[in-house]
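Please read the structure below before turning to the comments.
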Amino acid sequence: MLKLLKYAKKYSVYAVLCPVLMIGEVVLELLIPLVMGKIVDLIQLSEEMSSIERSDAMHTILMLGLRMLLYALASLFCGAVAARLASVAGMGFGSTVRGAMLDKIQKFSFSNIDRFSTASLITRLTTDVTSVQNTFLMMVRMLFRAPIMFIVALVICIMKSRQISSVFMVSLPLIAVALAIGGPIALKRFKKMLTMFDGFNASIQENLMNIRVVKAFVRSDYEKKKFKTANDNLLNAAISAEKIIMWGEPLLMILMYGTILAILFIAAKLIAAETLLIGTFSAIFQYIMQIIMSFLMVIMLIAQFFMAEASAKRILEVINEEPDITDDNATVTDVADGSVEFRNVSFGYGGKAPVIKDATFKIESGEMVGIIGATGSAKSTLVQLIPRLYDVSGGEILVGGVNVKDYKMHALREDVSMVLQKNVLFSGSIAENLRWGKKDATDEEIIEACEIADAHAFISSFPDGYQTDLGQGGVNVSGGQKQRLCIARAVLKKPKILILDDSTSAVDTYTDSKIRERLRKNIPDTTKIIIAQRVSSVSDCDKIIILENGTVNDIGNHEELLSRNEIYQDIYYSQQKGGSDFDIEGGVN
């Protein structure tokens, strides 16, 4: 928790002024019982005074009452301003921590992200940050206020009556021992609860994101059971963690009220013996209540700290995670051309067995290259190495004649445009989504890109055209339309290398061929790498790379491979037997 305090630096003025005002509030609060005690003592003694002395006493009482009112108003002012400053500092601290986490996540490579589940990252960005934010807020408000009030009030009580104060010498150590025993147990259980939170969020996220599939396969009952399991696990973990507090609070109250009863018993004997004035006891009792309240505040702060400690560690796991891929030593900021060369490239996920082995080939700038192979042959993994979404385990990749590790990542990825296998669109209009490719693109540039991707016609058919709202994740368009929008977005960047990872699987072969034809005609200088399952999607490419279990089996054009390569022949003839899907104009959208 203390390691996160550096993110409060921006709000250090607020964090310093708040305790200062809190100290002022405490001092003023502690003066009020003294004044009240004097008033009560004067009233008690006034019965034995003469009329003149009684008149002077009344005047003194009024002045003391006015002083007490001023103390109360000043204390209220200090407390209100301190609360305001604490809120600004606390919320600002939470915002800064959340921003630092998101900034680090944006720097993660795919392998870094693989180490954290999406649900876990969401929990850390929300629940965990809220926990440390609330703890910081309590620390700013109570870290100085509660101890100062406790110490000063205890000292005043001892000065006023050692006999009454001696009760604290027994009760306070007992409470301290209970905290020392229960604290570590609570920390361990809260850590487990937060882990259950990850599973709970994963269940909700998966269900809501895939609600269409759930309904299509009539699996609502299964999802309900899965949610119930995750919910029950979280409930049991939360109950286990809260048991410490559930048992602790009653025990704490017993000790506190036992302390008060013991004090009242001793005070009653002293008053009866006329060795203690009622006014003095009234002041002492108020200080006793302040001691108890301040001690409760300290306990609450410690309990909150234990809960936040588990969250803080999870937050720091994200912040301290070092990106696997950096460009700190890179100097190249310009990609000369779209040529790509693999030299004995190997790669394995997380340092495990390689899924790509000794891949060697060269693609000339402006070529259209197809990549084909069986499912699981590492086609997608291969192309993700080009823009350094993952880094090679062995060998090297050259783009424009330069090792990709020598490029600044922003420069490399600006010139390598990629349409991932999973098509992703965002909430907002079609135009807003397309401008992800080029934020300052003109309407003419957008239309040109959409015509290349064969998307302009269906966009124009919508009542709102390019201002049509896509809904969350592009739910308002079909799979084929979504693919074409993603291709248009990638083309809009005008990259030197365009990678289409099975990006026309949801369109008919006629539309697929039109897109390839327009890509070849309209962006001839751009290197086009097409991953496909259909031979028809790569048959007109300049060269075709066949992958088999992560190795390059063969390279050639359609005619060459059809004449000599068994894998290519098997794929081609099996697809010919099945017939083409839509090989005439007017296929599916």
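Counting begins at 1 with the first residue of the sequence.
For the pair Tyr407 and Ala330, the tightest heavy-atom approach, listed with the atom from each and the gap, is O-CB, 3.3 Å. Listed here is the closest heavy atom pair of Cys541 and Val369: SG-C, 3.9 Å. Taking each heavy atom of Glu451 and His456 in turn, the nearest pair found is CG-CB, 3.7 Å. Closest heavy-atom contact between Met101 and Val129: SD-CG2, 3.7 Å. Heavy-atom minimum distance, Ala490 versus Leu498: CB-CD1, 3.7 Å. Of all heavy-atom pairs spanning Thr527 and Ser339, the tightest one is OG1-N, 4.2 Å.
Contact of the Ile499 side chain with the Val416 side chain is registered, since non-hydrogen atoms from C-beta on lie closer than 4.5 Å. Side-chain contact check for Ile459 versus Thr468: every heavy-atom pair is 4.5 Å or farther apart. Within the 4.5 Å cutoff, side-chain heavy atoms of Tyr11 are placed close to those of Thr96. For the pair Asn522/Val491, no side-chain contact is recorded, criterion being any heavy-atom separation below 4.5 Å from C-beta on. In this structure, the side chains of Ile372 and Ile544 come closer than 4.5 Å at one or more pairs of heavy atoms. The shortest distance between side-chain heavy atoms of Tyr466 and Ile447 falls below 4.5 Å. Taking the side chain as every heavy atom from C-beta outward, Glu309 and Lys313 approach each other to under 4.5 Å.
Each salt bridge (Lys or Arg N to Asp or Glu O under 4.0 Å) pair with one or both residues in residues 539-563, not counting sequence neighbours, appears once here: Glu367-Lys543, Arg516-Asp540, Arg520-Asp542, Asp554-Arg564.
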task = Under the salt bridge (charged side-chain N to carboxylate O under 4.0 Å, His left out) rule, what do Asp103 and Lys107 come out as? Steps first, then yes or no, please.
result = CA-CA 7 Å; Asp103 182 63; Lys107 294 176 182 177; 3.5 Å; yes

task = Check the pair Thr381 / Tyr349 against side-chain hydrogen bond (donor to acceptor under 3.5 Å, both in side chains), numbers first and verdict last.
result = CA-CA 10 Å; Thr381 302; Tyr349 289 102; 2.5 Å; yes

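Between the Thr135 side chain and the Ser131 main chain, a donor and an acceptor come within less than 3.5 Å of each other. No donor-acceptor distance shorter than 3.5 angstrom exists from the side chain of Arg484 to the backbone of Ala455, with no hydrogens or angles considered. Judged by distance alone, with hydrogens and angles left aside, the side-chain atoms of Ser12 form a donor-acceptor pair with the main-chain N or O of Lys9 at under 3.5 Å. When atom types are taken as modelled, the side chain of Arg124 and the backbone of Ile315 share no donor-acceptor pair closer than 3.5 angstrom. Judged by distance alone, the side chain of Ser539 and the main-chain N or O of His558 form no donor-acceptor pair under 3.5 Å. Between the side chain of Lys528 and the main chain of Thr526, a donor-acceptor pair closer than 3.5 Å is present. Looking at Asn112, its side chain does come within 3.5 Å of a backbone N or O of Glu322 through a donor-acceptor pair. Using modelled atom types, one side-chain atom of Asn476 and one backbone atom of Asp469 make a donor-acceptor pair closer than 3.5 Å.
In this structure, CD1 in Ile371 is found 13.5 Å from OG in Ser537, a value given to the nearest 0.5 Å. Note: Leu434 CG to Ser429 OG = 8.0 Å, rounded to the nearest 0.5 Å. Rounding to the nearest 0.5 Å places NZ of Lys405 at 5.0 Å from CG of Asp391. Here the CD1 atom belonging to Ile571 is positioned 8.0 Å from the CD atom belonging to Gln533, to the nearest 0.5 angstrom. Considering CD1 of Ile452 and NZ of Lys514, their distance stands at 13.5 Å, rounded to 0.5 Å.
Annotation: Gln569, atom CD; neighbour count of heavy atoms from other residues, nucleotides and ligands within 6.0 Å is above 12. Dense packing is recorded around CD of Glu317, with more than 12 heavy atoms of other residues, nucleotides or ligands lying under 6.0 Å away. Counting heavy atoms of neighbouring residues, nucleotides and ligands inside a 6.0 Å radius, atom OH of Tyr222 does not exceed 12 of them. For Asp464, the CG atom counts as densely surrounded, since its 6.0 Å shell holds more than 12 non-hydrogen atoms of other residues, nucleotides or ligands.
Salt bridge status for Asp512 with Arg534: present, with a side-chain N to carboxylate O gap under 4.0 Å. Taking a cutoff of 4.0 Å between a charged side-chain nitrogen and a carboxylate oxygen, Asp443 and Arg435 qualify as a salt bridge. Salt bridge Lys494/Glu445: present, at least one basic N to carboxylate O contact under 4.0 Å.
Screening Asp327, Leu412, Leu398, Ile325 for a side chain to side chain contact (heavy atoms under 4.5 Å, CB included) involving Val404 leaves a single residue, Leu412. With Asp358 as reference, Asn344 is the one residue of Asn344, Val552, Thr551 to meet the side chain to side chain contact (heavy atoms under 4.5 Å, CB included) rule. When Leu125, Thr123, Thr130 are each tested for a side chain to side chain contact (heavy atoms under 4.5 Å, CB included) with Thr127, only one passes: Thr123.
At a cut-off of 3.5 Å, with distance as the only test, a side-chain donor of Gln483 or Ser505 sits close to an acceptor on the other residue.
Ring pair Phe361/Phe342 is parallel by interplanar angle, where below 30° counts as parallel and above 60° as perpendicular. Phe347 and Tyr390 have tilted rings, their planes meeting at an angle from 30° to 60° on a 0 to 90° scale.
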